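Since the structure comes first, as C-alpha cells, the remarks are kept for the end.
Just so we're clear, the structure is a prediction, and the values are computed from it rather than from any experiment.
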Amino acid sequence: MVDFGGWDLPQQYTSIRDEHLAVRKAAGLFDVSHMGRFRVTGGDSFNFLQSIVTNDLGRIQRGMAQYNLLCTDEGGIVDDLIVYWGEEGFFVVVNASNREKDLAWMREHAPAGVKIEDRTFELSLLALQGPRAEELMPSSGLSDLSYFGFRTGEVAGVTAMISRTGYTGEDGFEIFVAADRVGQVWDAILEKGRPEGVLPAGLGARDAARLEAALRLYGNDMDETVNPYEAGLGWAVKLDKGPFVGREAIAKVREDGPRRTLIGIKTKPGDIPRHGAAVKGEAGRSGLVTSGTHSFFLGHPIALAMVEVPSFRVGDKVAVEVRGRQSEAEVVKLPFYRGSARSAVAAAKS
C-alpha cells in the first residue's frame, strides 16, 4: 500500500507486470474511488462551467463527457478533469490530490444559485479497462454507448452510472456506484472476468498503461507552472468559445509559441528515466523527465520529458540521467502505444 493524494492505495495486487498485461490483453479492474467527484447544479451551471474550463461544453450534449482543464489567470494548469453533462446537472471528476483545492477554487468562482457538492465519499468509482471490457462487464446494452458517453444502467444488478471513459489507452468503462454497494460490483466483475484473464490492478499498472498512451499525470507532467500548450494539451483549449479564466494568458502563449514542449523518449532495457532526471541534447541540458517507467508491453523503458524549444525531432538521440550517469535515449512519436480506445473513438465518429 502507498499513500496517494491522502488515500492508501495498492501499488499492486499480484505483480505490476501481470496486471499491466491483463489491461492490454483482456481487462484490468481498478478501484479509482480516490478521484474527487463533484455535483454541480443550478440554473446557471452551464455558463459557470464554461467560464472556468478551457474546452467548449457547447460542443457536447447531455449524456456526454468532455476532457477539460482548469487554469489560473496566468495560464497555468490548476487541474485536469472530466465534465459529465447529465439530465439533472453536471458531474465533475478531478484528481485526488487536488480535490480540496479544486472544490475551494470552483466555489470561489461560482455565482449565486450554482451549488457544488462533494460526492466523493458517497459514490465509489471503479474502472474496467481493456480490449475485452465490453464483453466481460456483467452488464448489458453497452455496445451502443459511445466513447465519452455515459448513462444510468445496472452492473451485476446494481444501479450505476456507466461511462465509456478511462485512463489506460484501452476501451473500457468507469462505474459510479453507491459506496455501500461497490464491493458487490467489484466481486461480480472479477467473478465473471477472472476465467478470461481479468485481474484487479493497482497504481503501478495504471501508471504504466497511462504513460504508454501518453496520458498526462497532474503533478508530474503538468501543474500551475505549465500551460496547456507546453503540456501538449492545446487541443483541449477552445479560445473562440468566449471568455474563461486564463484565456488571455493562454491566447498569448498560442500567439507567441510555448517556450517548452513535451516529448516522448525510449531508453535501453534497465535504464529507466525517473521524474526530474536531466535530458541533454547537443547544446547541453535542455529539459527534465516528467514521467518515466518500464513498459512491460513494449519491452523497454519510456518517458515523457519537458524540453526547451525548438524541440527535438523523432529519431534524434539525447542523453538522459539514469542513476547518476548518462544513458542514451531516442526521441519517439507519441503516444508510445495506441490501444483499443482508438477503435472506440473511431466507432463513435462513424
Side-chain angles (χ1 to χ4, degrees), residues 1-5 7-35 93 96 124-140 142 145 147 153-158 160 162-177 179 181-215 217 269 272 291-302 335-344:
M1 303 293 283
V2 297
D3 176 78
F4 190 87
W7 297 69
D8 289 329
L9 297 177
Q11 182 74 4
Q12 61 198 65
Y13 292 87
T14 51
S15 77
I16 293 175
R17 177 186 180 278
D18 290 348
E19 294 164 17
H20 181 191
L21 294 179
V23 172
R24 292 289 180 242
K25 295 179 178 181
L29 179 61
F30 301 86
D31 183 348
V32 289
S33 299
H34 57 287
M35 303 292 287
V93 175
S124 290
L125 181 57
L126 303 179
L128 182 65
Q129 300 284 294
R132 298 181 63 192
E134 180 184 317
E135 168 195 351
L136 298 174
M137 268 269 282
S139 186
S140 60
L142 298 176
L145 183 59
Y147 194 59
E154 288 191 352
V155 182
V158 178
I162 306 168
S163 70
R164 199 162 205 152
T165 49
Y167 191 54
T168 63
E170 299 293 352
D171 189 17
F173 303 91
E174 293 183 307
I175 306 155
F176 299 78
V177 61
R181 303 296 298 277
V182 67
Q184 179 182 341
V185 174
W186 174 273
D187 291 344
I189 292 174
L190 289 180
E191 181 179 357
K192 180 175 181 178
R194 273 192 191 276
E196 300 297 325
V198 175
L199 291 178
L203 287 176
R206 183 172 171 85
D207 188 56
R210 71 91 191 168
L211 184 51
E212 287 175 345
L215 299 173
L217 175 63
I272 304 176
S291 291
T293 192
H294 177 76
S295 167
F296 291 105
F297 190 72
L298 299 176
H300 55 76
I302 57 175
F336 302 98
Y337 165 80
R338 294 183 183 273
S340 54
R342 188 179 186 188
S343 299

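- With sequence neighbours left out, the ring pair (Phe, Tyr, Trp, His ring centres under 6.0 Å) criterion links Tyr167 to no other residue.
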Residues 16-29, side-chain donor-acceptor partners within the protein, below 3.5 Å, at least two apart:
from: Asp18; atom 1: OD2; to: Ser15; atom 2: OG; distance (Å): 3.2
from: Glu19; atom 1: OE1; to: Gly202; atom 2: N; distance (Å): 3.0
from: Glu19; atom 1: OE2; to: Tyr13; atom 2: N; distance (Å): 2.6
from: Glu19; atom 1: OE2; to: Thr14; atom 2: N; distance (Å): 2.7
from: Glu19; atom 1: OE2; to: Thr14; atom 2: OG1; distance (Å): 3.2
from: His20; atom 1: NE2; to: Glu212; atom 2: OE1; distance (Å): 3.0
from: His20; atom 1: NE2; to: Glu212; atom 2: OE2; distance (Å): 3.0
from: Arg24; atom 1: NE; to: Glu212; atom 2: OE1; distance (Å): 2.7
from: Arg24; atom 1: NH1; to: Thr168; atom 2: O; distance (Å): 2.8
from: Arg24; atom 1: NH1; to: Glu170; atom 2: OE2; distance (Å): 3.1
from: Arg24; atom 1: NH2; to: Thr168; atom 2: O; distance (Å): 3.2
from: Arg24; atom 1: NH2; to: Ala209; atom 2: O; distance (Å): 3.0
from: Arg24; atom 1: NH2; to: Glu212; atom 2: OE1; distance (Å): 2.6

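- By the side-chain hydrogen bond (donor to acceptor under 3.5 Å, both in side chains) test, Glu154 is found to be paired with no residue, residues two or more places apart in sequence or in another chain being considered.
- With sequence neighbours excluded, no residue forms a side-chain hydrogen bond (donor to acceptor under 3.5 Å, both in side chains) with Gln12.
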Inset, instruction - Report the C-alpha separation of Phe173 and Glu134 in whole Å, then their side-chain angles, then the decisive distance to 0.1 Å, and conclude whether the side chain to side chain contact (heavy atoms under 4.5 Å, CB included) test is met. - result: CA-CA 8 Å; Phe173 303 91; Glu134 180 184 317; 3.9 Å; yes
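- Not counting sequence neighbours, the partners of Phe176 by the ring pair (Phe, Tyr, Trp, His ring centres under 6.0 Å) test are Tyr84, Phe91.
- Closest approach of Ser163 to Thr165, counting heavy atoms only: OG-OG1, 2.7 Å.
- Minimum heavy-atom separation, Ser340 to Pro131: OG-CA, 3.5 Å.
- For Glu135, the side-chain contact (heavy atoms from CB on, under 4.5 Å) criterion is met by Arg132, not counting sequence neighbours.
- Between Met137 and Ile162, the closest side-chain pair of non-hydrogen atoms falls below 4.5 Å.
- In this structure, the side-chain hydrogen bond (donor to acceptor under 3.5 Å, both in side chains) partners of Ser33, at least two apart in sequence or on a different chain, are Asp31.
- Across Phe297 and Tyr337, no two heavy atoms sit closer than the pair CE2-CE1, 3.3 Å.
- Contact check for Gln129 versus Arg206: no side-chain heavy atoms found under the 4.5 Å cut-off.
- For Val182, the side-chain contact (heavy atoms from CB on, under 4.5 Å) test picks out Ser124, Leu126, Val177, with sequence neighbours left out.
- Between Ile302 and Thr293 the shortest side-chain heavy-atom distance falls below 4.5 Å.
- For Ala213, the side-chain contact (heavy atoms from CB on, under 4.5 Å) partners at least two apart in sequence or on another chain are Leu215.
- Annotation: the span from Ser291 atom OG to Asp207 atom CG amounts to 6.5 Å, rounded to 0.5 Å.
- Residues Pro138 and Ile189 meet the side-chain proximity criterion, which asks for heavy atoms closer than 4.5 Å.
- Applying the side-chain contact (heavy atoms from CB on, under 4.5 Å) criterion to Leu203, with sequence neighbours excluded, gives Val2, Phe4, Leu9, Gln11.
- Among residues two or more places apart in sequence or in another chain, the side-chain hydrogen bond (donor to acceptor under 3.5 Å, both in side chains) test is passed with Arg194 by none.
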